[in-house]
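Below, read A as the first sequence line, B as the second, and so on, with proteins coming before strands; counting in each chain starts at 1.
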Protein chains: 2
Amino acid sequence: MKIGQLADKTGLSIQTIRFYERKALLAAPERTQSNYRSYSDEALKQLLFIKQCRALDMTIEEISLVLETRANPESSCESVNATIDKHIDDIEHRISELNALQKTLQSMRAACDDDKKIKECGVLHQLDSIVDSHCPTKRND
Amino acid sequence: MKIGQLADKTGLSIQTIRFYERKALLAAPERTQSNYRSYSDEALKQLLFIKQCRALDMTIEEISLVLETRANPESSCESVNATIDKHIDDIEHRISELNALQKTLQSMRAACDDDKKIKECGVLHQLDSIVDSHCPTKRND
DNA sequence: GTAAACTCTATACTTGGTATAGAGTCAAGC
DNA sequence: GCTTGACTCTATACCAAGTATAGAGTTTAC
């Protein structure tokens with residue numbers, strides 16, 4: 001299978017497949033006489049696995065670790081679980097950050113409506129007041 | 001005020017301040033005879049405003065737009081509000097993506113515990129089964 | 001006078017790709 | 001046999017939002 005077919009089957013772009021090869025997520029495939037990459041069904045499976053992990057928002061480094069561990073069927077799956085646990089924690093953390101942000105933005109937005117001029121803009125006033133509170137009082141120098 | 005002092009007062013790194021100047025968020029300041037940047041209190045305020053916007057996770061492009069609009073006190077603040085609205089929408093969207101992700105990860109994680117070997121790993125099995133369902137049946141060729 | 005601390009520019013690196021240029025290869029049609 | 005279009009190759013540059021470095025010049029403190 002050539003790279004274009006593999007791209008069609010996986011839904012990944014050709015460049016992305018080559019990118020994963022450079023990142024060593026995907027083993028460098030055989031080449032034809034004309035130096036074209038020639039893939040097996042194994043490569044297809046591997047790519048779909050990677051795609052699935054990316055859909056879970058795992059980083060390439062995390063995926064790399066999981067793939068490496070997976071290659072050794074007798075080893076403990078502790079590190080895979082730890083990767084997922086850490087990932088869950090990271091997302092948890094990010095969600096609560098975004099929730100706090102959302103609250104701030106919404107209350108800021110509530111302070112203004114579209115018919116105002118810039119100098120009266122409630123959103124900008126809120127931003128400014130936060131700045132002023134951090135800003136040292138002006139000195140005459 | 002030199003760049004180091006400005007960095008201290010804003011809590012931004014020196015590189016970040018120079019980066020914002022390159023991105024035209026911050027006007028290029030006066031220079032001393034020895035070519036050092038020399039900042040006014042206005043620059044400090046501007047940077048704190050930018051920092052606040054970044055804390056709201058606005059992109060540099062969004063901040064750029066807001067700053068540009070802000071410079072014209074008689075214009076309508078509609079575009080500022082629109083920027084915030086779009087930003088709120090984006091975050092909303094991201095939050096629900098992450099929530100869905102979190103659910104998937106948690107149910108995946110629930111399928112395994114740490115005492116298993118890789119070949120028995122519930123997490124990996126779940127990942128594999130998703131892959132298999134997308135993978136064409138093997139042909140002998 | 002010298003050493004430490006500061007600043008300058010320019011450049012490379014990060015992540016997860018995407019987009020391009022310029023060259024080579026392959027299959028079909030004439 | 002030759003051209004045309006589709007495909008592939010490598011290498012390089014680009015995106016956001018910075019961070020990190022090298023190598024040079026400047027200022028400050030002792």
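- Rounded to whole Å, atom P of C:dT18 lies 11 Å from atom CD1 of A:Ile17.
- When the nearest nucleotides of DNA chain C are assigned to B:Gln5 and B:Arg22 by heavy-atom distance, the more 5′-ward of the two goes with B:Gln5.
- Residue side chain A:Tyr20 does not reach the base of C:dG16 through any donor-acceptor N/O pair under 3.5 Å, judged by distance alone.
- Contact annotation: A:Ser34 side-chain N/O to C:dC26 OP1/OP2 distance is under 4.0 Å.
- Here B:Ser75 contributes atom OG and A:Lys116 contributes atom NZ; the two are 14.5 Å apart, rounded to the nearest 0.5 Å.
- Taking the side chain of B:Gln15 as heavy atoms from C-beta on, and the options D:dA17, D:dT19, C:dG16, the nearest nucleotide is D:dT19.
- In this structure a side-chain-to-backbone donor-acceptor pair under 3.5 Å is missing from B:His125 to B:Ala111.
- One can place CG of B:Asp8 at 9 Å from P of C:dC6, the figure rounded to the nearest angstrom.
- Annotation: of the two residues near DNA chain D, B:Thr32 and B:Met58, the 5′-most nearest-nucleotide partner is B:Met58.
- Computed from coordinates, the A:Glu61 CD to C:dT14 P distance equals 11 Å when rounded to whole Å.
- Applying the 4.0 Å criterion to OP1 and OP2 of C:dG17, one finds that A:Arg54 has a side-chain N or O inside that range.
- Of the side-chain N and O atoms in A:Arg18, none sit less than 4.0 angstrom from OP1 or OP2 of D:dT10.
- One finds a side-chain N or O of B:Ser13 lying less than 4.0 angstrom from the OP1 or OP2 phosphate oxygen of D:dT19.
- In this structure, B:Arg70 is positioned above the aromatic face of B:Phe49, its NZ or CZ under 6.0 Å from the six-membered ring centre and within 45° of the axis.
- Look at CZ on B:Arg37: it is 17 Å from C1' on D:dT27, rounded to the nearest Å.
- The distance from atom CZ of B:Arg31 to atom P of C:dC8 is 6 Å, rounded to the nearest whole Å.
- Computed from coordinates, the A:Asn35 CG to C:dG24 P distance equals 13 Å when rounded to whole Å.
- Nucleotide D:dT28 holds its C1' atom 10 Å from the OH atom of B:Tyr36, rounded to whole Å.
- B:Gln106 contributes atom CD, which lies 5.5 Å from atom CD1 of A:Ile88 (distance to the nearest 0.5 angstrom).
- Between A:Lys2 and C:dT25, a side-chain N or O to OP1/OP2 separation shorter than 4.0 Å is absent.
- In terms of phosphate contacts, B:Thr16 brings no side-chain nitrogen or oxygen within less than 4.0 Å of OP1 or OP2 of D:dA17.
- Between the C1' atom of C:dA5 and the CD1 atom of B:Ile14 lies a distance of 11 Å, rounded to the nearest Å.
- For the pair A:Lys9 (side chain) and A:Leu44 (backbone), a donor-acceptor distance under 3.5 Å is absent.
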